[in-house]
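The first residue in the sequence is number 1, and the count goes up from there.
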Amino acid sequence: MTPPETINAVLLEKTEIAPGIKTFVFRPERRFEYIAGQFAFWGFEKDGRSYSKPFTISSSPSRDNIEFTTIVSSSDYKAALDGLRPGHAVKVRGPMGMFTLDSLRRDIICYLAGGIGITPVISMLRFAYDTGMDIRGTLFYSNRDSSRIVFEKELDVISGGLGRFNTVHTLTEAPEGWGGEKGYIDADMIKKHCPDYSGAQFYIVGPPAFNTAMGSMLKNGLDIKEEYITLENFAGY
């Protein structure tokens, strides 16, 4: 793993990609080395105050700029963050975290992602797509409704480009006419879309309650051993 460092960067742009969810793109002063799926601390000064908070890097190490995607709220940090203008200076400290493909021990990957927990997954998939990696597996992506599906079109493009990878969307509050899966990710859904699940490495990422439920389902419903489950908790966003 690359040891943590602190580099300077400037905000290039911010874009709302779903209701209340924005992507912040930064240009680093020099190349920032990290592994897809890792996170960093993003600090800045605004109105005489200092702010710092960790976010998963949602961009790919194969690309020059670095970015993160987050839910924008009324917290002090998020309000200050959302008020930044292009050109504002930030400090990026990292990378950190072990939720990467380095922990992969099997030939098949099965991602179980909830909500904004998709960010480390999109980083890994972007890297795989950009570098022509041969990834075989399935992403199960759970959201409340279709408006909250982040990176939906890009996930379709990446899934098609990787060839042996499939994305399954499921909604807990699915409207009439929804063509994807409905309800929470469960053992039957995994068996249906990932029949080789017994030979997969599972990556679980989402809020703590989501991770607990998914971990229990894998162990008790599918008899997946602990060593083949990699977790990343998203608490507080």
Side-chain angles (χ1 to χ4, degrees), residues 7 9-28 32 34-44 51-86 88 90-97 99-101 111-130 139-159 167 169 171 203-208 210-211 231-237:
I7 68 167
V10 295
L11 176 66
L12 289 181
E13 60 180 353
K14 56 184 177 181
T15 306
E16 186 170 56
I17 59 172
I21 299 175
K22 294 186 178 182
T23 291
F24 294 79
V25 182
F26 302 84
R27 183 180 68 244
F32 184 60
Y34 63 97
I35 299 172
Q38 289 189 297
F39 68 92
F41 279 81
W42 309 76
F44 58 88
Y51 298 88
S52 181
K53 189 176 177 67
F55 292 101
T56 295
I57 305 167
S58 53
S59 48
S60 165
S62 55
R63 304 178 187 182
D64 293 332
N65 295 325
I66 50 178
E67 65 185 60
F68 63 79
T69 300
T70 186
I71 296 172
V72 177
S73 69
S74 59
S75 72
D76 287 350
Y77 181 97
K78 293 292 184 69
L81 173 69
D82 198 28
L84 298 183
R85 296 177 178 272
H88 199 103
V90 303
K91 290 188 179 297
V92 184
R93 180 167 62 88
M96 304 173 193
F99 194 77
T100 70
L101 290 176
Y111 292 111
L112 309 182
I116 200 62
I118 192 64
T119 52
V121 177
I122 194 68
S123 176
M124 293 185 214
L125 294 181
R126 283 170 167 171
F127 181 74
Y129 184 80
D130 287 353
L139 162 62
F140 293 87
Y141 187 19
S142 176
N143 283 282
R144 184 178 69 246
D145 57 65
S146 58
S147 71
R148 305 290 286 184
I149 301 176
V150 184
F151 309 118
E152 182 177 12
K153 292 182 179 179
E154 185 176 3
L155 286 171
D156 290 342
V157 171
I158 289 175
S159 295
T167 296
H169 294 288
L171 301 180
Y203 286 78
I204 304 175
V205 56
F210 174 87
N211 287 2
L231 282 168
E232 179 88 320
N233 278 316
F234 269 51
Y237 304 101

Indicate yes or no for a side-chain donor-acceptor contact from [X] to the backbone of [Y] under 3.5 Å, with no hydrogens or angles considered.
X    : Y    : result
R126 : S58  : yes
K78  : T70  : no
T167 : L139 : no
R93  : P54  : no
D145 : L171 : no
E154 : F151 : no

Measure the shortest side-chain to side-chain distance between [X] and [Y] over non-hydrogen atoms and say whether it is less than 4.5 angstrom.
X    : Y    : result
L81  : F44  : yes
P95  : I35  : no
N143 : V150 : no
V157 : Y129 : yes
R148 : I71  : yes
I57  : F32  : yes

For [X] versus [Y], what's the shortest heavy-atom pair and its separation?
X    : Y    : value
F210 : S142 : CE1-CB, 4.2 Å
A36  : P61  : N-CG, 3.5 Å
F41  : S52  : CD2-OG, 3.8 Å
G94  : A40  : CA-CB, 4.3 Å
A79  : S74  : CB-O, 4.5 Å
G115 : Y141 : O-OH, 2.9 Å

Pairwise distance [atom1]([X]) to [atom2]([Y]) - rounded to 0.5 angstrom:
X    : Y   : atom1 : atom2 : result
E13  : R85 : CD    : CZ    : 15.5 Å
E232 : F39 : CD    : CZ    : 7.0 Å
E67  : L11 : CD    : CG    : 11.5 Å

Intermediate values then yes/no, side-chain contact (heavy atoms from CB on, under 4.5 Å), W42 and I66: CA-CA 11 Å; W42 309 76; I66 50 178; 3.8 Å; yes
S62: side-chain contact (heavy atoms from CB on, under 4.5 Å) partners, not counting sequence neighbours: S60, F127, D130, T131
Might you work through the side-chain contact (heavy atoms from CB on, under 4.5 Å) test for T56 and I116, ending with a clear yes or no? CA-CA 10 Å; T56 295; I116 200 62; over 6 Å; no
Using only heavy-atom distances, determine whether the side chains of Y34 and T100 contain a donor-acceptor pair under 3.5 Å. no
Return a table of donor-acceptor pairs under 3.5 angstrom between the side chains of residues 21-28 and protein atoms on other chains or two or more places apart.
residue: K22; atom: NZ; partner: D82; partner atom: OD1; Å: 2.8
residue: K22; atom: NZ; partner: D82; partner atom: OD2; Å: 3.3
residue: T23; atom: OG1; partner: T69; partner atom: OG1; Å: 2.7

Taking the six-membered ring for Trp, are F99 and Y203 parallel (under 30°), tilted (30 to 60°) or perpendicular (over 60°)? perpendicular
Pair Y77 and F55, ring centroids less than 6.0 Å apart: yes
